[in-house]
Structure formats: C-alpha cells, structure tokens
Amino acid sequence: MRLSSFFMPTSRDDPAEAQIVSHRLMLRAGMIRQASAGIYSWLPLGYRVLRNVERIVREEQDRAGCQEMLMPTIQSADLWRESGRYEGYGKEMLRIEDRHGRDMLYGPTNEEQITEIFRHYIKSYRELPKLLYHIQWKFRDEVRPRFGVMRGREFLMKDSYSFDLDYEGARRSYNKMFVSYLRTFARLGLRAIPMEADTGPIGGDLSHEFIILAGTGESEVYCHRVLVEQDVLGTDVDYEGDLAPEVERWTSHYAATDEKFDEKEAAALGDDLVRARGIEVGHIFYFGTKYSRAMNATVRGPDDEEIVLEMGSYGIGVSRLVGAIIEASHDDDGIVWPDAVAPFRVGIVNLKPGDPGCDGACEDIYRALRGSGCETLMDDRALRAGAKFADMDLIGLPWQVIAGPRGIGNGRVELKRRDTGAREELSIESALSRLTAPADAGGPTAS
RNA sequence: CGGGGCGUGGCGCAGUCUGGUAGCGCACCUGCUUUGGGAGCAGGGGGUCGCAGGUUCGAAUCCUGCCGCCCCGACCA
C-alpha cells in the first residue's frame, strides 16, 4: 500500500476525550472513529489489526476442534424468555421492537440461540461432544462505556459453546478451551494469566478469567512468578489427549485479581509473588445444565434415557484485544505492534520523494517485498523526514526500511526494528532477505 | 444509576465572570526557499459559537429546557 493513497488520518495532537494510552494512540493513528458513546467505526489501519487478531483467534479455535458458524446479531425475545434471562438481564440489553410489535433484542451473548439450534438437531448421545463458536458483534448497553474499544457498547466477540453428556466430558471441553486460550494470547504477543473468576449472570460453578499483563491495566493482579515465566507455545498440544496436566500446570499456583486478593495466600509466596496490572481479555465458564434444562435441550442415551446436556461457554473480546495489545505494547513514540497482528509487516520510508535514486530504490524494495507476500506500507508522501519518522513510529510497524539520499548512492538502506529501536545499515539485497525470512505462522516464538 | 465537568472552523484551545457582531496554535490551499526526527516567509479559504425557546436596541456571553460527549464511583468480554 502506498501511504500517499492510503486512508490513514494520523494526528499529531492527543484527542481531548481519550484518557488511556491505547485509546489515544488508536485515535492518533487513525485506526478508529467514534460514532457515538462506546460505538466505533474501524478505519482501514485499525480494521487490518482487528482482522489479524480475529484470524489468530479463529486458527486456534479450529485447532482445538471448535467449529465455526455464524449466528445473527438480532435475536427474538422469546428465546430469552425461555431461559429466564429476558427479565433478568436488565438494562444492559438493547431491546428493540420490530414493525409488527414483536420484541427483539441485539444479542449481548448467544447461549439461548445456540441452545435452540442444538436442541433442534441433536437428538442422540452418539453426536456428542460438540464445540461450536462464532465471531460476531455484540451489544451491551453499558452504563458508562469508556477506554475506547476496551469497553465499548458494541464489540466483536468470539464466543464458543460446548455440549457434552456428563461432567467429565464438559470438563474435557473446558480444558480444551483453557489450553487454546493460552495459546491464542501467546500468539498475539501477550502473556495471559488464567485466574479463578466469579461466574456472574452467566451462572455455573467453574470459571476462569484470562488476564493479560499490561502496565496500564485496569485491575491489580497478584500471582506466582511461575505463571509469568513458564512457556506456553513450546510444546505441541494434542487436543484429543489428556489436557488436565497442562491445565493443572496453570491452576496450581496462586493467581488472583484484586477482588479476590487474599493477604495471607499472597504473603506465603514471598519473593515469588508478582504484583502487576491486568486486563481481562477472555472468560470461560462451565455452567452445567443451566440453559439446557430451562430450554429443554436433551438427547437420548444408550438406554433410551433422557440426558440433559452439559454446557459451557467461552468468550474472547476480539475488539478489546486490539486496545489491550496496545496497552501492553507501546512507548512514548506510539504503538509497537507484535509481529503477528501488525497491520503491515514493513514500512518503507522514502526520505526524498522526487529524487530518482530514492524513488527507484523504494519502488524496487516495495515491489520485491510485495512479490514475496510481505505486507508493506510505503510512505511516498511529500513530507519532511521528521513527520514521516513520527508517523511510522506512531503506527508501530515491526520493521522500517529507511531510504534516503545519504545511503542510497551506495545502494544502502537503513533497517530499523520498531520494538528495540535497533538500526542497521545494509545493502538493499541483505535488507530484503532479512525481511522475507520465513515469518512466524503460529510457531513457538510469538512474543 | 449516583456525583462532577465540557460542547466555539478538521484537531487542541482562549473569549463567557463584566452582553457590543469571534480569536490563537496545528491542519488545509497557493507561491518561494528549505529538506535524515513533526521547517521558514508571504498570501489565502473555512465557524448561523450543540439545539430550541426566552430576556435585551444587541447574546458565544444572561435565563429555561433539551441533546451530545467526557471523568469518578457501582457493573461488565
């Protein structure tokens, strides 16, 4: 993409309404535009990141054996009357009436919807277990939306639902999602710590929040050092095998948010206690037969007995993650995208557009990178060097290729790594081979 | 939902207390000079001051109502 024609309205000044760093940077980088309180349009740069996050979430769901589908945003109130939540959910639910006077709602989540689908088609124990998910926009009419996409009213969520015959099966499904979440966040360049959680209005008696560590996180968290240090992606996971030991590896150590903070338990850790700020990016629940019983979702067992389905649900805040990643990865100059989600992998900075040498070299590099499938944004705008450097740092692409008259005479460019700031002067050829080296495609080093 | 604050060119703000027909910086357009970390000079365009009523000879400014947005707290992916 040529920056001269790319729609990327960056701004030099901080917007007045944005309080936290991710919100400020997303607005300054031209990633989002607020439509109304807690509702945002995603501009091209932001949408590219959102899609990357979504893609990784999807890949890890698929890998865990979860099947993707898509349910609607608008749901019938009748379904929610069956589960009892139509009255219970309160004002957070956006209620709509259609032209015939039917009560509808913009879905805040999809337990009822998926249960209705499931009960209609699945009649035999032979068809279990099943794990289904979708990635769809949700609406929760938060009293006070804030922090940009971190707590919007409209947000993109991945929600999965498991159906099993008994507790043991439900526990296996829960463990699959537990492990896949660890992998998902690690691939996004984040360190996520699972913490025991309240189940809230969704109900149930087994639940974990996944909290990523970020200096500017909303809540204070406490955990054992091991949880911050142990490896996530190093070993291959067999989702058909026994995942209990891996879950045990993450749940046997102390970890708590400030609400559940326990002075004594924390003190017992001594020097192993890590105190940090965190942001919730995922939440998993086992809730047994709460919805299946209310909505009569049953199958026939081997002896023709009626079995009420055991269910769980598993959510990842996809749009929230974009903000959360920035909270976890930025500096004074702007965003520092992890490679896996960066809107482009490389930014080319042509320091002197109009100079035949610079133009020619930049075009060559641009073409070569694109040819090798490397997503590249070329700043060919007629601006001063300082403005271009500032914009490039602001939008945080992992690599910058800086081409100016100084080096280009000798066929050399500067290669800059955004995260470390390391710069190196190289021949164009070596720069290209460095940049087109095999990229991480879900491999072991996602941080 | 309780408490507080703010709405003035695209962005950030001053002007409001004390009423007299709107200003600054950035951005934008034109020209010249500049050109490796947000240039300089000159010229130029753009605002019914959130909306609706009211007071007044006259309202961005005073009064009333409404709308929108932000912050703190309680709640949440």
Side-chain angles (χ1 to χ4, degrees), chain A residues 9-20 23-24 27-28 30 33-39 53 57 89-93 107-110 135-160 181 185 192 197-202 207-212 218-219 257 259 279-285 313-324 332-334 349-355 358 379 381-394 400 402-408 412-414 416 421 423 425:
Chain A
T10 58
S11 104
R12 185 176 177 169
D13 298 315
D14 280 331
E17 77 270 19
Q19 296 300 309
I20 62 163
H23 191 194
R24 278 203 301 271
L27 289 167
R28 283 191 54 208
R33 162 83 177 164
Q34 179 166 322
S36 60
I39 303 178
V53 172
V57 169
Y89 214 94
K91 294 186 114 173
E92 287 216 338
M93 180 188 283
T109 176
N110 290 71
I135 299 173
Q136 176 65 289
W137 292 91
K138 306 290 189 291
F139 194 92
R140 293 183 191 172
D141 199 357
E142 296 280 344
V143 186
R144 182 151 94 87
R146 62 188 126 161
F147 304 150
V149 300
M150 297 261 290
R151 183 162 316 161
R153 291 194 293 171
E154 187 182 62
F155 57 97
L156 187 60
M157 181 165 104
K158 185 288 298 176
D159 40 323
S160 311
Y181 274 32
F185 298 126
D198 286 326
T199 53
I202 293 190
S207 175
H208 285 89
E209 287 179 3
F210 287 76
I211 309 277
I212 63 156
E218 305 179 54
S219 49
T257 59
E259 298 123 35
I279 301 167
E280 181 186 351
V281 288
H283 203 156
I284 62 179
F285 303 87
S313 75
Y314 316 89
I316 290 180
V318 176
S319 48
R320 166 180 282 192
L321 269 167
V322 176
D332 289 344
D333 295 323
V349 183
N350 183 347
L351 285 181
K352 195 164 186 184
D355 174 87
C358 290
D379 191 349
R381 297 174 302 175
L383 293 179
R384 300 177 66 80
K388 295 183 165 194
F389 287 136
D391 267 352
M392 200 52 84
D393 287 343
L394 173 64
Q400 297 175 13
I402 299 161
R406 212 188 266 167
I408 223 69
R412 295 175 85 77
V413 293
E414 200 172 282
K416 176 180 161 187
R423 303 147 171 272
E425 198 177 290

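The sequence lines fix the lettering, A, B, ..., with proteins before strands; numbering per chain opens at 1.
Within 4.0 Å of A:A37, counting heavy atoms only, lie sugar-phosphate atoms of the nucleic acid but no base atom. Heavy atoms of A:G315 sit nowhere under 4.0 angstrom from any nucleic acid atom. In this structure, A:V281 reaches the sugar-phosphate backbone alone: every heavy-atom distance under 4.0 Å involves primed, P, OP1 or OP2 atoms, never a base. As judged by a 4.0 angstrom heavy-atom cut-off over every strand, A:G152 is placed among the base-contacting residues. A:E414 comes within 4.0 angstrom of a nucleotide base, judged by non-hydrogen atoms across all strands. If you check every strand for non-hydrogen atoms under 4.0 Å, A:S36 touches sugar and phosphate atoms only. Among the heavy atoms of the strands, none lies under 4.0 Å from A:K138.
Here the CD1 atom belonging to A:I316 is positioned 9.5 Å from the CD1 atom belonging to A:I284, to the nearest 0.5 angstrom. The OG1 atom of A:T10 lies 8.5 Å from the CZ atom of A:R28; values are rounded to the nearest 0.5 Å. In this structure, A:Q136 CD and A:N110 CG are separated by 7.5 Å, a value rounded to the nearest 0.5 Å. Note: A:F389 CZ to A:D333 CG = 12.0 Å, rounded to the nearest 0.5 Å. In this structure, the separation between CD on A:E154 and CD on A:E142 is 13.0 Å, given to the nearest 0.5 Å. The distance from atom CD1 of A:I408 to atom CD of A:E414, rounded to the nearest 0.5 Å, is 11.0 Å.
With a cut-off of 3.5 Å on both pairing distances, the Watson-Crick or G-U wobble partner of B:C24 is B:G12. B:G45 makes up no base pair with any nucleotide shown, lacking Watson-Crick or G-U wobble contacts both under 3.5 Å. Base pairing annotation: B:G68 forms a Watson-Crick or G-U wobble pair with B:C6, both donor-acceptor distances under 3.5 Å. As the counterpart of B:A77, no nucleotide is assigned, since no Watson-Crick or G-U wobble pattern has both distances under 3.5 Å. Partner assigned to B:C62 is B:G54, using Watson-Crick or G-U wobble distances below 3.5 angstrom.
The main-chain N or O of A:Q19 is found under 3.5 Å from a side-chain atom of A:R24 such that the two form a donor-acceptor pair. A donor-acceptor pair under 3.5 Å is absent between the side-chain atoms of A:S160 and the main chain of A:S313, judged by distance alone. Of the possible polar contacts, none joining the A:R412 side chain to the A:G407 backbone as a donor-acceptor pair under 3.5 Å is found. A donor-acceptor pair under 3.5 Å links the side-chain atoms of A:K158 to the main chain of A:Y314, judged by distance alone. Under the 3.5 Å distance criterion, the side-chain polar atoms of A:R153 are matched with a main-chain donor or acceptor of A:A37.
A sub-4.0 Å separation between OP1 or OP2 of B:C70 and a side-chain N or O of A:Q34 is present. OP1 or OP2 of B:C71 lies within a sub-4.0 Å distance of a side-chain N or O belonging to A:R144.
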Atom pairs, protein N/O to nucleotides 6-13 of chain B N/O, distance under 3.5 Å:
| residue | atom | partner | partner atom | Å |
| --- | --- | --- | --- | --- |
| B:G12 | OP1 | A:A16 | N | 3.3 |

Report each atom pair, protein N/O against N/O of nucleotides 31-35 of chain B, whose distance is under 3.5 angstrom.
| residue | atom | partner | partner atom | Å |
| --- | --- | --- | --- | --- |
| B:U34 | O2 | A:R384 | NH1 | 2.9 |

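Between the side chains of A:D393 and A:Q400, at least one donor-acceptor pair of N or O atoms lies under 3.5 Å.
We find that CZ of A:R381 is positioned 13 Å from C1' of B:A27, with the value rounded to whole Å. Atom CD1 of A:I211 is separated from atom P of B:C76 by 13 Å (rounded to the nearest Å). Here B:G36 presents its P atom at 15 Å from CG of A:D379, a figure rounded to the nearest Å. Here the P atom of nucleotide B:G5 and the CD atom of A:Q19 are 16 Å apart, to the nearest Å. Rounded to an integer number of Å, the gap from NZ of A:K388 to C1' of B:A39 is 15 Å. If you take NE2 of A:H208 and C1' of B:A77, they are 17 Å apart, rounded to a whole angstrom. Atom CD1 in A:I284 sits about 13 Å away from atom C1' in B:A77, given to the nearest Å. Following rounding to the nearest Å, A:F147 (CZ) and B:C75 (P) show an atom-to-atom distance of 14 Å.
Look at the C1' atom in both B:U21 and B:G58: the space between them is 9 Å, to the nearest Å. Comparing B:C67 with B:U35, their C1' atoms sit 49 Å apart, to the nearest whole Å. Look at the C1' atom in both B:G46 and B:A22: the space between them is 14 Å, to the nearest Å. B:G44 and B:C71 have their C1' atoms separated by 40 Å, with the value rounded to a whole Å. Spacing of P atoms, B:A42 relative to B:C26, comes out at 12 Å, to the nearest Å. Taking atom C1' on both B:A59 and B:U8, the two are 14 Å apart, rounded to the nearest angstrom. As rounded to the nearest Å, B:C75 and B:C13 have P atoms that lie 31 Å from one another. Rounded to whole Å, the P atom of B:G10 lies 23 Å from the corresponding atom of B:G53.
With B:C75, B:G38, B:A77 as the choices, the nucleotide that has an atom nearest any side-chain atom of A:D391 turns out to be B:G38.
Nearest-nucleotide mapping onto RNA chain B: of A:G38 and A:S319, the residue sitting toward the 5' end is A:G38. Residue whose closest nucleotide on RNA chain B sits further toward the 5' end, between A:F155 and A:I408: A:I408.
Ring-to-base geometry does not place A:F389 in a stacked arrangement with B:G36 (centre distance under 5.5 Å, plane angle under 30° required).
Classification of the A:F285-A:H283 ring pair by plane angle, with boundaries at 30° and 60°, yields parallel.
In the interface, the side chain of A:R151 is paired with the base of B:C76 through a donor and an acceptor atom under 3.5 Å apart.
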